[in-house]
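Protein chains get the first letters and strands the later ones, always in sequence-line order, with residue 1 at the start of each.
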There are 2 protein chains.
Amino acid sequence: MEQSDAAIRTRAAERKAPPTIYDIARLTGVSPSTVSRALNKPGRLNAQTERRIRDAAAELGYRINPMARALPTGKTGTLGLLVSDITNPAYFDLVRGAERVASETGMTIVFADSQESPELERATAERLQTSVDGLLLVGSRLEDHQIQDLSSVKPLVVVNRLVEGIPAVIPDVRPGITTALELLREAGHRRIAYLAGPEASWMNGQRWQHAFEIAVEWDMSIVEIKSNAPTREGGAEAFGRVKAADVSAVLAYNDLVALGLLRECRDHGLDVPGRLSIIGFDDIFGADLPTPALSTIRMPLAALGERGIRRLLTEIDGGESEDESALPTEFVGRESIAAARS
Amino acid sequence: MEQSDAAIRTRAAERKAPPTIYDIARLTGVSPSTVSRALNKPGRLNAQTERRIRDAAAELGYRINPMARALPTGKTGTLGLLVSDITNPAYFDLVRGAERVASETGMTIVFADSQESPELERATAERLQTSVDGLLLVGSRLEDHQIQDLSSVKPLVVVNRLVEGIPAVIPDVRPGITTALELLREAGHRRIAYLAGPEASWMNGQRWQHAFEIAVEWDMSIVEIKSNAPTREGGAEAFGRVKAADVSAVLAYNDLVALGLLRECRDHGLDVPGRLSIIGFDDIFGADLPTPALSTIRMPLAALGERGIRRLLTEIDGGESEDESALPTEFVGRESIAAARS
DNA sequence: AAGTGACTGGCAATCGGTTGACAATTGTTC
DNA sequence: GAACAATTGTCAACCGATTGCCAGTCACTT
């Protein structure tokens with residue numbers, strides 16, 4: 001016991017330097033540059049030599065030192081992914097999608113969140129930029145010119161946002177909102193509210209604007225209600241204002257605020273969906289858990305993550321890429337909506 | 001419009017190389033090594049010179065190139081954080097805690113998940129090791145010797161796991177389980193089941209073992225029921241086995257399986273908690289959402305993340321650090337438990 | 001006035017790769 | 001058999017920092 005324990009400690013302490021191309025060169029009797037070519041430029045060398053070098057590399061357990069390579073090439077093999085709030089489950093699928101594409105292409109993702117703070121976002125973005133090949137900004141709360149400035153340093157792609165001159169990947173919120181409002185109208189709702197998200201969120205603007213346009217077109221009354229934070233707490237705090245607004249249905253900025261509102265309604269004995277219908281946005285983990293289960297508008301999150309990374313990669317390669325079509329959202333009907341009381 | 005658009009594109013295309021210490025050296029008329037000292041060894045230089053250099057650096061918007069620094073020093077300023085499944089909300093708080101400590105100390109965290117696959121975990125760990133100063137393995141599904149091997153390459157700390165010779169940060173699951181079983185016993189439960197998690201999970205072993213010991217000690221009958229995956233789906237699939245086991249209460253490996261089981265009970269008309277009491281583990285986001293809200297055993301996740309990173313940092317500095325006390329878990333009573341029917 | 005030591009700042013080697021230029025070798029063609 | 005081309009591998013410079021060693025200054029002792 002003690003013996004093996006000691007052995008392990010020793011082993012850990014003795015961490016020897018990992019093998020380099022110089023070690024491989026010595027072992028095979030060629031020059032380091034030849035080793036580099038054998039490993040990176042298949043075909044450039046004699047097939048036998050290449051074989052020998054590759055075998056030696058495998059035998060030594062050689063792994064390239066990314067830092068050393070990054071120096072002359074300027075390529076780190078790393079992409080930065082910056083989200084506004086890591087504790088929002090909506091980002092799960094997006095991160096998963098991004099990660100999948102990244103690992104397919106042998107890239108590493110550095111993942112960070114800005115806790116809904118623009119200052120922190122800018123600082124983090126700048127810090128990351130020194131060590132990544134490109135940056136993916138998801139739901140950025142920065143101002144347009146700040147994003148443009150960042151983009152002048154390193155390739156950058158925004159998701160859930162549009163900024164002039166910056167490549168972007170966005171969903172089309174219209175299909176989902178249209179279906180949702182259609183259902184509400186058919187169910188007799190005439191007065192609805194939009195429970196807003198952060199003002200700095202472009203996505204929030206989109207959701208409000210389309211809901212507004214459609215409601216106006218269909219002759220429903222619509223009001224915007226502020227919420228303090230795009231969280232469950234924020235949704236709960238808005239309860240009083242929602243109640244006072246005298247509406248029969250609420251479309252929320254996202255599922256978090258919808259869930260917060262839903263819970264608060266229950267705690268105050270306000271019947272959902274009997275007296276108030278609630279619709280969320282994103283279809284996050286847990287949206288189906290409460291009673292009534294939350295109806296929501298599903299975002300194509302995994303696809304946004306995948307496309308975001310793909311777009312970033314072509315941006316890094318300097319390739320042109322035509323703008324792809326926006327990814328559609330989809331209404332997910334659950335139990336939180338019902339007919340309006342006449 | 002087109003004009004400014006073109007301007008932005010041009011700007012992005014013209015990405016000029018960021019300033020280096022050589023630029024600063026030229027601007028201030030000193031040598032690069034002096035610049036390096038001015039920036040990293042405060043006091044080593046004449047105060048005026050240092051001032052001049054710092055000002056010049058600020059003016060140029062200099063940011064150190066982490067790659068270039070990493071080469072001679074071997075320090076990348078980056079830590080790897082590897083979790084078993086990024087879509088498990090349990091990791092939120094842990095990641096947040098880890099991130100906080102890391103950014104306090106100026107470190108960057110690279111975050112990755114292994115999707116419950118040991119092979120992927122090993123591959124990812126090895127890949128990360130080439131570019132980080134140390135690795136934090138959370139809920140690793142690897143075997144002990146694999147972890148020990150990894151540890152012989154770079155500093156490594158495990159969370160929610162114990163491996164001989166490897167520094168670890170773990171919670172103490174006993175307080176939470178003890179309180180939970182105490183409540184069940186007082187409520188008249190005599191036959192309970194443990195709905196298991198992955199066999200490769202050390203944490204699963206802990207939870208089962210302590211529940212087992214306590215149940216035996218208190219003369220309650222206890223059985224272990226396998227689940228296919230530590231997810232909501234896995235919990236739902238176990239419903240039949242749970243029902244067949246003829247128990248009045250279930251302690252689940254984690255909240256995900258508990259939530260899955262809870263939902264399945266509801267869908268099959270099995271009254272929770274009237275006929276079956278359910279207790280989860282972790283207290284994840286959403287545990288309080290269903291009706292009945294899920295009782296659970298809360299893990300000190302943020303603290304685990306913080307301590308994990310701290311421990312890793314001292315490990316990197318080669319410092320000794322005495323083992324801290326295990327962090328206690330805590331029972332969170334909600335609606336999913338009730339008295340057993342006699 | 002020579003000796004001592006503290007303080008400053010420069011030189012040059014080094015980390016581990018990449019890559020353009022070139023030399024050596026081999027094969028091909030007339 | 002000489003001229004030429006293609007193939008293969010080496011040389012050496014370079015990426016952007018860090019750091020041990022040394023030299024020059026200057027003030028202060030004795």
Sub-3.5 Å donor-acceptor pair from the side chain of B:R63 to the main-chain atoms of A:R127, do we have one?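 No; judged by distance alone, with no hydrogens or angles, the pair does not exist.
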I'd like to know if A:R96 and A:D93 make a salt bridge, using a cut-off of under 4.0 Å between side-chain N and carboxylate O.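 Not counted as a salt bridge, because no side-chain N and carboxylate O are separated by less than 4.0 Å.
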Under 4.0 Å between a side-chain nitrogen and a carboxylate oxygen: does that hold for B:R52 and B:D55?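 Answer for the salt bridge query: no.
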Looking only at side-chain N and O atoms, does [X] come under 4.0 Å of OP1 or OP2 in [N]?
| X | N | result |
| --- | --- | --- |
| B:S33 | D:dT18 | no |
| A:K41 | C:dT19 | yes |
| B:N46 | C:dC7 | no |
| B:S31 | C:dG10 | yes |
| A:S36 | C:dT18 | yes |
| A:Y62 | C:dG17 | yes |

Between C:dG17 and A:R37, counting only base atoms on the nucleotide and side-chain atoms on the residue, is there a donor-acceptor pair under 3.5 Å? no
Closest to the 5' end of DNA chain C, once B:T49 and A:N65 are matched to their nearest nucleotides, is B:T49
Counting any heavy atom closer than 4.0 Å, what does A:T34 reach on the DNA or RNA strands: base, sugar-phosphate only, or nothing?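 Base contact - A:T34 has a heavy atom under 4.0 Å of at least one base atom.
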Scan B:L45 against the nucleic acid and name what it touches under 4.0 Å (heavy atoms): base, sugar-phosphate only, or nothing.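 Sugar-phosphate, backbone atoms only, no base.
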Specify the residue among A:Y22 and A:V30 whose closest nucleotide of DNA chain D lies further upstream toward the 5′ end.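 It is A:V30 whose nearest nucleotide is closer to the 5' end.
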With respect to the side chain of A:N40, which nucleotide from C:dT8, D:dG9, C:dT18 is positioned closest?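 Selected nucleotide (nearest to the side chain): C:dT18.
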Reference residue A:S31; test side chain to side chain contact (heavy atoms under 4.5 Å, CB included); the match among A:T28, A:V35, A:T34: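 Of all the options given, the one that passes is A:T34.
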